[in-house]
Amino acid sequence: MPVSKKPIANRKRKRHMLPSCRSCSTHTRCLLHEASKQQIWKMFTTGIPLQEKDGIFPRHKAPFITFVLGGPGSGKGTQCAKIVETFGFNHLSAGDLLRKEIASNSEYGSMILDTIKEGKIVPSEVTVKLLRREMELSDNHKFLIDGFPRSEENRRAFEEIMEAEPDVVLFFDCPEEEMVKRVLNRNQGRVDDNIDTIKKRLKVFEALNIPVIDHYAKRGKLHKINAVGSEDEIFEQVRPIFAAYQHEAK
Ligand SMILES: Nc1ncnc2c1ncn2[C@@H]1O[C@H](COP(=O)(O)OP(=O)(O)OP(=O)(O)O)[C@@H](O)[C@H]1O
Ligand SMILES: Nc1ccn([C@@H]2O[C@H](COP(=O)(O)O)[C@@H](O)[C@H]2O)c(=O)n1
Ligand SMILES: [Mg+2]
């Protein structure tokens with residue numbers, strides 16, 4: 001399972017690397033300070049560096065956001081690992097963040113587990129909150145958001161809460177037969193890697209995720225990748241997309 005490679009200790013350290021807040025006495029409390037968080041996000045989304053009067057010290061880079069879409073087993077996580085290695089993005093898998101919530105016995109844990117077992121979509125506020133927390137803690141401004149948005153509701157929630165849109169959207173296009181084969185061979189102990197849940201996930205993908213893909217195609221942001229072939233062959237379709245943006249995303 002492509003889980004975040006960042007050890008917890010590093011995450012804690014990053015909190016202390018965040019700008020300090022004039023309204024709070026410590027860096028940790030600063031994270032909980034809503035106004036400060038909004039200021040950081042405003043700066044992220046507008047790209048306009050904050051002034052001292054904004055209450056926190058400035059960070060300098062606007063986020064570069066890539067959404068990574070595709071059906072179950074289409075190879076999103078596999079290709080994200082290669083993009084991270086080659087282009088230095090921070091990989092945020094929505095599914096992995098949700099699974100971590102289950103593992104940490106959070107208040108949403110049992111609801112998330114039931115939803116994943118059914119192949120359905122977790123309420124957007126929950127998923128966006130998890131993504132937002134990771135983005136705020138990151139000292140890398142280049143984000144690969146894998147498996148999100150899964151529905152128009154996910155997409156709108158992200159736009160509203162984060163006040164941000166993706167720069168690039170990747171869609172790994174894979175025939176159903178191949179996706180089923182890959183998921184059944186994945187062998188990572190996922191509760192949703194069984195034929196019944198896969199069938200449900202494929203239906204949800206068609207009904208809820210294809211409209212999101214169409215949305216970004218209409219806006220000229222979609223890069224459709226043929227997800228059949230070896231991992232390296234597929235990455236050779238991905239590479240030029242990020243090579244073209246490398247200057248912008250720096
Ligand atoms: N090009 C490929 N050819 C064959 N198998 C592949 C290929 N890419 C990935 N796989 C394998 O297919 C399985 C699914 O890949 P991966 O986990 O990357 O898919 P995913 O799109 O992230 O799926 P999910 O949405 O279920 O998380 C893994 O076991 C992976 O090793
Ligand atoms: N935006 C999302 C992403 C995922 N889920 C749930 O998690 C399951 C696994 O996701 P993967 O990306 O790891 O395949 C997925 O089937 C959903 O149940 C979600 O609700 N919202
Ligand atoms: Mg995945």
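As the structure lists them, so they are numbered: ligands from 1, and atoms in each ligand from 1.
Each of the atoms 24 (P), 25 (O), 26 (O) of ligand 1 lies under 4.0 Å from some heavy atom of Arg201. Listed by number with element, the atoms of ligand 1 under 4.0 Å from a non-hydrogen atom of Ser230 are 1 (N). Residue Gly71 approaches ligand 1 through these ligand atoms, each under 4.0 Å from one of its heavy atoms: 21 (O). Each of the following atoms of ligand 2 lies closer than 4.0 Å to a heavy atom of Arg99: 9 (C), 13 (O). With ligand atoms numbered from 1 in the order given, ligand 2 contributes 1 (N) to contacts under 4.0 Å with heavy atoms of Phe148. For ligand 1 and Ile234, the ligand atoms under 4.0 Å from any heavy atom of the residue are 1 (N). Close contacts of ligand 2 with Ala94, meaning ligand atoms under 4.0 Å from a residue heavy atom, involve 1 (N), 3 (C). Taking every heavy atom of Lys120 and a limit of under 4.0 angstrom, the matching atoms of ligand 2 come to 17 (C), 18 (O), 20 (O). Close approach to Ile116 involves these atoms of ligand 2, each under 4.0 Å from a residue heavy atom: 6 (C), 7 (O), 8 (C), 18 (O). Which parts of ligand 2 touch Val122 is read off a 4.0 Å heavy-atom cut-off, strictly below it: atoms 19 (C), 20 (O). Of all atoms in ligand 1, numbered sequentially from 1 with element shown, those under 4.0 Å from a heavy atom of Arg190 are 24 (P), 26 (O), 27 (O).
If you look at Val204 next to ligand 2, there are no close heavy atoms at all, none under 4.0 Å. Of the heavy atoms in Arg190, only side-chain atoms (C-beta onward) come closer than 4.0 Å to ligand 2. Only side-chain heavy atoms of Arg201 come within less than 4.0 Å of ligand 2; its backbone N, CA, C and O stay farther off. Neither the backbone nor the side chain of Ser93 comes within 4.0 Å of ligand 1, counting heavy atoms alone. Residue Asp192 does not touch ligand 1, judged by heavy-atom distances below 4.0 Å. Under 4.0 Å from ligand 2, not a single heavy atom of Asp96 appears.
Using a non-hydrogen distance threshold of 4.0 Å, Val183 does not register as a contact of ligand 1.
When the options Ser104, Ser110, Ser106 are evaluated for a side-chain contact (heavy atoms from CB on, under 4.5 Å) with Tyr108, the one that passes is Ser106.
With respect to atom 3 (C) of ligand 2, the closest heavy atom belonging to the protein is Gly147 O, 3.2 Å. From the protein, the heavy atom lying nearest to atom 5 (N) of ligand 2 is Leu98 CD1, 3.4 Å. Shortest contact from atom 15 (C) of ligand 2 to any protein heavy atom: Arg150 NH2, 3.6 Å.
Side-chain atoms of Asn194 come within 3.5 Å of backbone atoms of Val191 as a donor-acceptor pair (strictly under, hydrogens ignored). For Gln237 (side chain) and Asn226 (main-chain N/O), a donor-acceptor pair under 3.5 Å exists by modelled atom type.
Between Gly73, Ser74, Pro72, it is Gly73 that holds the heavy atom closest to atom 14 (C) of ligand 1. Nearest to atom 3 (N) of ligand 1 by heavy atom, out of Glu231, Gln188, Arg182, is Arg182. Of all the listed residues (Gly75, Ala227, Gly229), Gly229 holds the heavy atom that lies closest to atom 1 (N) of ligand 1.
The distance criterion of under 3.5 Å between nitrogen or oxygen atoms is not met by Arg150 with respect to ligand 1. Residue contacts with ligand 2: Asn154 is placed with a nitrogen or oxygen under 3.5 Å of a nitrogen or oxygen of the ligand (distance criterion only). At least one N or O atom of Thr78, backbone or side chain, sits closer than 3.5 Å to an N or O atom of ligand 1.
Between Asp232 and Lys82 there is a salt bridge, since a side-chain N of the basic residue sits under 4.0 Å from a carboxylate O of the acidic one. Ionic pairing of Glu178 and Lys181 is present here: one or more N-O contacts between side-chain nitrogen and carboxylate oxygen are shorter than 4.0 angstrom. Between Lys76 and Asp146 there is no salt bridge, since none of the side-chain N atoms of the basic residue sits less than 4.0 Å from a carboxylate O of the acidic one. By the 4.0 Å N-to-carboxylate-O rule, Arg201 lies close enough to Asp192 to be salt-bridged with it. Ion pairing between Glu236 and Arg239 holds under the 4.0 Å rule for side-chain N and carboxylate O. Using a 4.0 Å cut-off between charged nitrogen and carboxylate oxygen, Arg155 and Glu152 count as a salt-bridge pair. The existence of a salt bridge linking Glu165 and Arg219 is excluded, since no basic side-chain nitrogen approaches an acidic carboxylate oxygen closer than 4.0 Å. Looking at Glu125 and Lys129, no side-chain N of the basic residue comes within less than 4.0 Å of a carboxylate O on the acidic one, giving no salt bridge. Salt bridge annotation for Arg133-Glu101: present, with a cationic side-chain nitrogen under 4.0 angstrom from a carboxylate oxygen.
Between Leu69 and Leu170, the closest side-chain pair of non-hydrogen atoms is not below 4.5 Å. In this structure the side chain of Val169 never reaches within 4.5 angstrom of the side chain of His223, judged on heavy atoms.
For Phe64 and Phe143, the gap between ring centers reaches or exceeds 6.0 Å.
Both the sub-6.0 Å distance and the 45° axial angle are not jointly satisfied by Lys224 relative to the ring of Phe171.
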